[in-house]
Protein chains: 2
Amino acid sequence: MENFSQTEENYLKAIFKLSEKEDKPASTNAIAGEMSTSAASVTDMLRRLAEKGLIHYEKYKGVALTEKGNKLATGLIRKHRLWEVFLLEKLRFSWDEVHEMAEQLEHIQSPELVERLDDYLGRPKFDPHGDPIPDAKGNFTFRKQVFLSSLLPNEAGAVVGVNDHSPAFLQYLDRIGLKLGTQLRIAERFDYDESLRVLLEDSGEQILSKKVSQNLFVQKF
Amino acid sequence: MENFSQTEENYLKAIFKLSEKEDKPASTNAIAGEMSTSAASVTDMLRRLAEKGLIHYEKYKGVALTEKGNKLATGLIRKHRLWEVFLLEKLRFSWDEVHEMAEQLEHIQSPELVERLDDYLGRPKFDPHGDPIPDAKGNFTFRKQVFLSSLLPNEAGAVVGVNDHSPAFLQYLDRIGLKLGTQLRIAERFDYDESLRVLLEDSGEQILSKKVSQNLFVQKF
DNA sequence: TATTATTTTTAGATTAGTCTAAAAATAATT
DNA sequence: AATTATTTTTAGACTAATCTAAAAATAATA
């Protein structure tokens, strides 16, 4: 497989991310937002990525990944998430610290390294934030998960992932003793501000704001 | 500490390497050789590295690292060698495979990561090739080592390092069962081609060519 | 010391990635 | 449908890192 620059790889990841959540071609402006750069720079890059067969691109029509581009982006996500597991499980970083480092490590070029790392970590299916880690063929493990905010009073489940990956949110969760795997039950729902009173496995009862409950994924029992 | 480009970092490493072995300012041409690039490119880069206070540079006079440049280069060597240990000890790569990957990993920017990695590996003082790993302050552990070729008949010692790091040499050593730590004794020296008959700890007797014995470091008993 | 050879630097061009400002295309609104 | 607003692209310029070819400085040799 050819090699691509880190910048090219980051564009592919951005396009992947955007077309994943919106499920339609990514716009130049959206990519510029994701990459914190100008629309002009994006246009330039799109021309080049298209030339290399990584994206389908028509002027003014937006952009989608080709088979090849998709494979590459998936590989990057695989590397990123495996390194995050490594940093957390082996080097004992906390889940709010690992992103920046993984952002660099994902660009290390060595297929053999990725497979060995995967082995070493015990072939994990999810990363420290609960996001699925694609396997060597690019297949993601799917899981029936819902937003905590969608649970009704007395319903119970386990926290399996976060939607917001910001350090601030993750540190907040640490503070209230909420981790992946934590079991919980909805005690009460306040219509006033859509906050929830929640019974947590270990750390007792907590009021969770709407914003918080919209950023937690749970698997219902 | 500011950040520098991978290219700048690689130049610093090259200059470090050259002035380490020659113990005098590195020449433009030597650097060009080390970096596999043109002398013109080197001159360009030297101007920039000097501006950033990383090297002492006078036109036509060659180049030496400043305090700052030396710190940076030492940090790179530290990272390189720690990653090599990781790849070998944890991911079970062999010593002829690790260099290329470490060459990329050494550019990962995160002081915290380096320290955690060092901890995780048990603060090793030497890498898989027997080269010393500088500590966080940049201090190398020195060791009284000599070339195997300098041993006299009946002298004994342990292999502690290699001078030639090429995969071909390392694979040859694997083949004859010679690793770091292997104990040996000189049985006979042949004046004809300066080869040695050597008694190896486990793998019995071997004839080692002059070239081989000049590329092995041993610590005498 | 004069001449030749080697090393190093300068000059000018190229590529990747970026920028701002202006032009062109598309979408939204009256 | 015409006008306005938004999005996207083009044009032109900049920086980092590279190259080749030529000029300048240093070193080696007759």
Side-chain angles (χ1 to χ4, degrees), chain A residues 2-15 17-19 21-22 24-65 69 72-73 76 103-104 106-107 109, chain B residues 2-15 17-19 21-22 24-65 69 72-73 76 103-104 106-107 109:
Chain A
E2 310 143 83
N3 281 7
F4 299 93
S5 75
Q6 297 202 182
T7 309
E8 289 169 325
E9 292 192 339
N10 286 334
Y11 271 95
L12 290 177
K13 265 205 328 173
I15 296 165
K17 202 177 197 178
L18 290 168
S19 32
K21 85 166 65 158
E22 290 290 319
K24 61 175 178 184
S27 75
T28 301
N29 253 2
I31 297 168
E34 193 70 35
M35 296 290 295
S36 310
T37 185
S38 70
S41 301
V42 173
T43 302
D44 258 16
M45 181 55 92
L46 294 184
R47 205 180 19 72
R48 253 171 312 117
L49 293 177
E51 247 161 45
K52 298 188 179 182
L54 294 164
I55 58 172
H56 298 294
Y57 171 53
E58 273 184 286
K59 277 191 203 172
Y60 296 102
K61 300 289 176 199
V63 129
L65 294 176
L72 227 144
L76 287 165
E103 206 66 15
Q104 298 179 58
E106 74 190 4
H107 298 294
Q109 305 277 7
Chain B
E2 310 142 81
N3 280 7
F4 300 92
S5 75
Q6 297 202 183
T7 309
E8 289 169 327
E9 292 192 338
N10 286 335
Y11 271 97
L12 290 178
K13 264 203 331 173
I15 295 165
K17 202 177 197 178
L18 290 168
S19 32
K21 86 166 62 156
E22 291 289 321
K24 60 173 178 186
S27 76
T28 301
N29 252 2
I31 298 168
E34 193 70 35
M35 296 289 297
S36 309
T37 186
S38 70
S41 301
V42 173
T43 302
D44 259 15
M45 180 56 91
L46 294 185
R47 205 181 19 73
R48 252 171 313 117
L49 292 177
E51 248 162 44
K52 298 188 180 184
L54 295 164
I55 58 171
H56 297 293
Y57 171 54
E58 274 184 285
K59 279 191 203 173
Y60 296 102
K61 299 290 177 197
V63 130
L65 295 177
L72 225 145
L76 287 165
E103 206 66 17
Q104 300 179 58
E106 73 191 5
H107 298 294
Q109 306 277 8

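Proteins get letters first, then strands, A, B, ... in listed order; numbering begins at 1 in each.
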Please report how far the helix from C:dT1-D:dA30 to C:dT30-D:dA1 bends, comparing the axis fitted to its first five pairs with the axis fitted to its last five, to the nearest 10 degrees. 10°
Can you tell me how far [atom2] of [Y] sits from [atom1] of [X], rounded to the nearest 0.5 angstrom?
| X | Y | atom1 | atom2 | value |
| --- | --- | --- | --- | --- |
| A:His56 | A:Ile15 | NE2 | CD1 | 11.5 Å |
| A:Leu72 | A:Leu65 | CG | CG | 9.5 Å |
| B:Asn10 | B:Phe4 | CG | CZ | 14.0 Å |

Separation of C:dT18 atom P from A:Leu49 atom CG, nearest Å, is 11 Å
Nearest whole Å is fine: how far is C:dC19 C1' from A:Met35 CE?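 Nearest whole value for this atom pair: 15 Å.
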Using a cut-off of 4.0 Å on non-hydrogen atoms, how would the nucleic acid contact of A:Ser38 be classed: base, sugar-phosphate, or nothing? base
Heavy-atom closest pair, residues B:Ala26 and B:Leu18: CB-CB, 3.9 Å
Can you list the residues that meet the salt bridge (charged side-chain N to carboxylate O under 4.0 Å, His left out) rule with A:Glu2, with sequence neighbours excluded?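 Partners of A:Glu2 by the salt bridge (charged side-chain N to carboxylate O under 4.0 Å, His left out) criterion, ordered by chain and then number, come out as A:Lys68.
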C:dC19 phosphate, OP1 or OP2, under 4.0 Å from A:Thr37 side-chain N/O: yes
Which residues satisfy the side chain to side chain contact (heavy atoms under 4.5 Å, CB included) test with A:Gln6, sequence neighbours excluded? A:His107, B:Gln6
Using a 3.5 Å cut-off and no angle test, enumerate the donor-acceptor pairs between side-chain atoms of residues 33-52 of chain B and protein atoms at least two apart in sequence or in another chain.
| unit_1 | atom_1 | unit_2 | atom_2 | d |
| --- | --- | --- | --- | --- |
| B:Glu34 | OE2 | B:Lys17 | NZ | 3.3 |
| B:Ser38 | OG | B:Ser41 | N | 3.1 |
| B:Ser38 | OG | B:Ser41 | OG | 2.9 |
| B:Thr43 | OG1 | B:Ala39 | O | 3.2 |
| B:Lys52 | NZ | B:Glu8 | OE2 | 2.6 |

Protein proximity profile, nucleotides 3-16 of chain C - base contact B, sugar-phosphate-only contact S, no contact -, cut-off 4.0 Å on heavy atoms: ----SBBB-----S
For B:Gln109, side chain to side chain donor-acceptor pair (under 3.5 Å) partners two or more places apart: B:Glu9
